[in-house]
2 protein chains.
Amino acid sequence: MLKKERQAYIIQQINIHNKVLSSDLCVQLDVSEDTVRRDLQELAEEGKLIKVHGGALAKSFHFTIESKQVYSLPEKKIIAHKAIDLIKDGMLVVISGGTTMRELVNMLPPDLNATFVTTNVPIALELLEHPNAEVIFLGNKLLKSAQMAVGAEVVQRLGQIKADLCLLGTNSIDLNFGITDLEWEIIEVKKAMIACAQKTVSLAISEKLNTTQRLQVCALDQVDVLITELAPTNEKLTPYAKLGLSIL
Amino acid sequence: MLKKERQAYIIQQINIHNKVLSSDLCVQLDVSEDTVRRDLQELAEEGKLIKVHGGALAKSFHFTIESKQVYSLPEKKIIAHKAIDLIKDGMLVVISGGTTMRELVNMLPPDLNATFVTTNVPIALELLEHPNAEVIFLGNKLLKSAQMAVGAEVVQRLGQIKADLCLLGTNSIDLNFGITDLEWEIIEVKKAMIACAQKTVSLAISEKLNTTQRLQVCALDQVDVLITELAPTNEKLTPYAKLGLSIL
DNA sequence: TGCGTTCCCGCATAATCACGCAAAAAATTT
DNA sequence: AAATTTTTTGCGTGATTATGCGGGAACGCA
């Protein structure tokens, strides 16, 4: 195979996937990693792509990739990390939206073999980056504010699913009113998510504790696990533990 | 064997395989490598092919390799701009994926009041940025390679839609084989998209013209409009115009 | 911190190229 | 037809390019 041919192939792959791994390319093209690296370097010098450790990125995605890493509060990372341990191979996981969830998806171990159901567009996009995850997007009309699909369609489809786990990004959680949210359409979907899963996990930064919004998603007795960035023994959490929630 | 004969053979091979190796040619033509190289050099000077180390490539290769300054290719912007004029207020538009489409969505006039149906995740995300567009995402299992929903579910849902316009990002388009693509699941969805729309528009960079993939999406008689970055009068497009396609 | 991966550097090897020259072939002139 | 010129071709030599490999440095991740 000619060098230019190889480089054309690389450009093609970049255009399709927005990224390439050196390790992948050297298999696909049947050349050594050094050769691939030299090709990438050359193409990078010509401005056709951006060389990064382990492969290369499309130029157009340089910015989005960079800005993607910005919103990583350390608290969210802690929460995400705790939640990941709940996800096992073969599980069917229903997952809502929010930046904490994005963090979580980002941190999923690459060898995890699970199926994820979501109605949230950014989450879906993130999940697509995962090498092994199967992703089901329940679609319908998209709600701009939450970047997610809502409506009877979605609720009905969720009703046809029996999930192992429901990971719920939580805006507000309170001892009396349970989990609450702002928009009617979001509530509906979250309700359906909880209903279809065997186990419901609420992910919330501690500042969300003991706050309420207008509309109730569910009472606390429907929530099985509560995850915050705090230590499970923290006194802020003990009232929740007394209500029967597992605290992580 | 005469020199002209040899060169004609080389051109023929280039047309078939898009490349030739000097080492192959000197065997096939029973001449020395030097002679082959001199032939290639001559043909390169006449612009019939591109000389590279080890052989030569068809001119189309040069295009893919040289003109892909991926970050918002000017060609794509031109195409997107032309396509946008087709979208009117109140329309229901079915839209596929691809970077050209993303460019298009990005350029949509903010006051446009249209509904968009898509199965492509990045496109959906981009559409959500638009202040007025209503976005419908037809969901199901997501295909990683294309970042889009595929499967019977999607096809069926598309069947329930009567769209005004179908904007089709096109991987390969050819006079004989029509629009073609690589993956079975993608084909199915694109077919359904075409079927549900009153008018089908193919968006393709000129380098995609007269190329084919394994699987047929549709014949050219199902396509109403072809948009490339070229002027409609360009000779590359006249064969398509003769088949009844509108060229923009 | 430590471990595995990826990267960078230099070198060895092989393939390819460029140049000059002379023989062969073709075209032109005598 | 013979001689001459022009073109084409093959070959040898040395230069250039492409590639793979080894070893140590750098990186990323836990």
Side-chain angles (χ1 to χ4, degrees), chain A residues 1-11 13-14 19-46 48-57 62 65-66 68-70 72 74-85 87 102-112 126 129-132 229, chain B residues 1-11 13-14 19-46 49-57 61 65:
Chain A
M1 174 166 294
L2 277 69
K3 189 177 158 195
K4 281 273 152 81
E5 232 184 324
R6 247 181 7 233
Q7 300 191 345
Y9 178 85
I10 293 173
I11 297 284
Q13 291 300 114
I14 284 271
K19 69 171 182 191
V20 288
L21 301 179
S22 310
S23 49
D24 286 354
L25 286 174
C26 76
V27 174
Q28 292 164 24
L29 298 167
D30 192 34
V31 291
S32 74
E33 294 217 32
D34 285 280
T35 303
V36 168
R37 217 171 295 114
R38 274 186 280 245
D39 279 340
L40 292 179
Q41 192 175 331
E42 237 174 84
L43 291 168
E45 276 164 18
E46 292 166 29
K48 312 263 169 58
L49 47 75
I50 298 194
K51 179 86 191 69
V52 296
H53 195 91
L57 299 172
H62 191 220
I65 292 281
E66 292 210 327
K68 209 166 92 175
Q69 304 292 9
V70 172
S72 49
E75 293 93 337
K76 302 199 170 184
K77 284 207 166 164
I78 295 170
I79 296 174
H81 201 271
K82 290 181 185 178
I84 280 176
D85 292 338
I87 307 171
R102 250 159 94 177
E103 199 63 53
L104 183 149
V105 171
N106 234 321
M107 291 166 62
L108 285 174
D111 59 330
L112 180 71
E126 205 84 55
E129 302 288 318
H130 191 278
N132 289 303
E229 82 280 11
Chain B
M1 173 165 302
L2 278 79
K3 191 176 158 194
K4 292 273 173 188
E5 249 180 294
R6 249 181 7 234
Q7 299 195 346
Y9 178 83
I10 292 173
I11 295 289
Q13 290 299 308
I14 283 273
K19 72 161 181 185
V20 288
L21 302 179
S22 310
S23 50
D24 286 354
L25 285 175
C26 76
V27 174
Q28 292 164 22
L29 299 167
D30 191 34
V31 290
S32 75
E33 293 218 32
D34 288 82
T35 304
V36 168
R37 216 172 296 117
R38 275 186 280 244
D39 279 339
L40 292 179
Q41 194 173 338
E42 243 175 78
L43 291 167
E45 277 163 19
E46 293 167 28
L49 47 74
I50 310 288
K51 178 85 192 68
V52 298
H53 194 94
L57 298 171
F61 256 98
I65 250 213

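Here is the naming used below: chain letters follow the sequence lines, and residue numbers restart at 1 for every chain.
Considering all non-hydrogen atoms of both residues, A:Leu2 and B:Val20 come closest at CD2-O, 4.4 Å. Looking at every heavy atom in both residues, B:Lys19 comes nearest to A:Glu5 through NZ-OE1, 3.0 Å.
Both B:His53 and B:Asp34 lie near DNA chain D, and the one whose nearest nucleotide falls closer to the 5' end is B:Asp34.
Residue B:Ser22 has a polar side-chain atom (N or O) positioned under 4.0 Å from OP1 or OP2 of C:dC17. Listed pair B:Arg6 / D:dT9 meets the phosphate criterion, a side-chain N or O lying under 4.0 Å from OP1 or OP2.
Here the P atom of nucleotide C:dA14 and the CG atom of B:Leu21 are 20 Å apart, to the nearest Å. Counting to the nearest Å, the C1' atom of C:dT16 and the CZ atom of B:Arg38 are 14 Å from each other. For the pair B:Lys4 NZ and C:dA25 P, the computed distance is 21 Å after rounding to whole Å. C:dG10 atom P lies 16 Å from atom CZ of A:Arg37, rounded to whole Å. When rounded to the nearest whole Å, the span between NZ of A:Lys51 and C1' of C:dC8 equals 11 Å. What separates CD of A:Gln41 from C1' of C:dT6 is a distance of 13 Å, to the nearest Å. A straight line from NZ of A:Lys3 to P of D:dT17 spans 9 Å, rounded to a whole angstrom. In this structure, A:Glu33 atom CD and C:dC7 atom P are separated by 7 Å, rounded to whole Å.
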### Query
When you look at A:Leu112 and A:His130, which way does the side-chain contact (heavy atoms from CB on, under 4.5 Å) test go after all the steps?
CA-CA 9 Å; A:Leu112 180 71; A:His130 191 278; 4.3 Å; yes
### Task
Verify side-chain contact (heavy atoms from CB on, under 4.5 Å) between A:Lys48 and A:Ile14, making sure each step is shown before the conclusion.
CA-CA 9 Å; A:Lys48 312 263 169 58; A:Ile14 284 271; over 6 Å; no
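Among the atoms of the strands shown, only primed sugar atoms or phosphate atoms (P, OP1, OP2) are found under 4.0 Å from some heavy atom of B:Val52.
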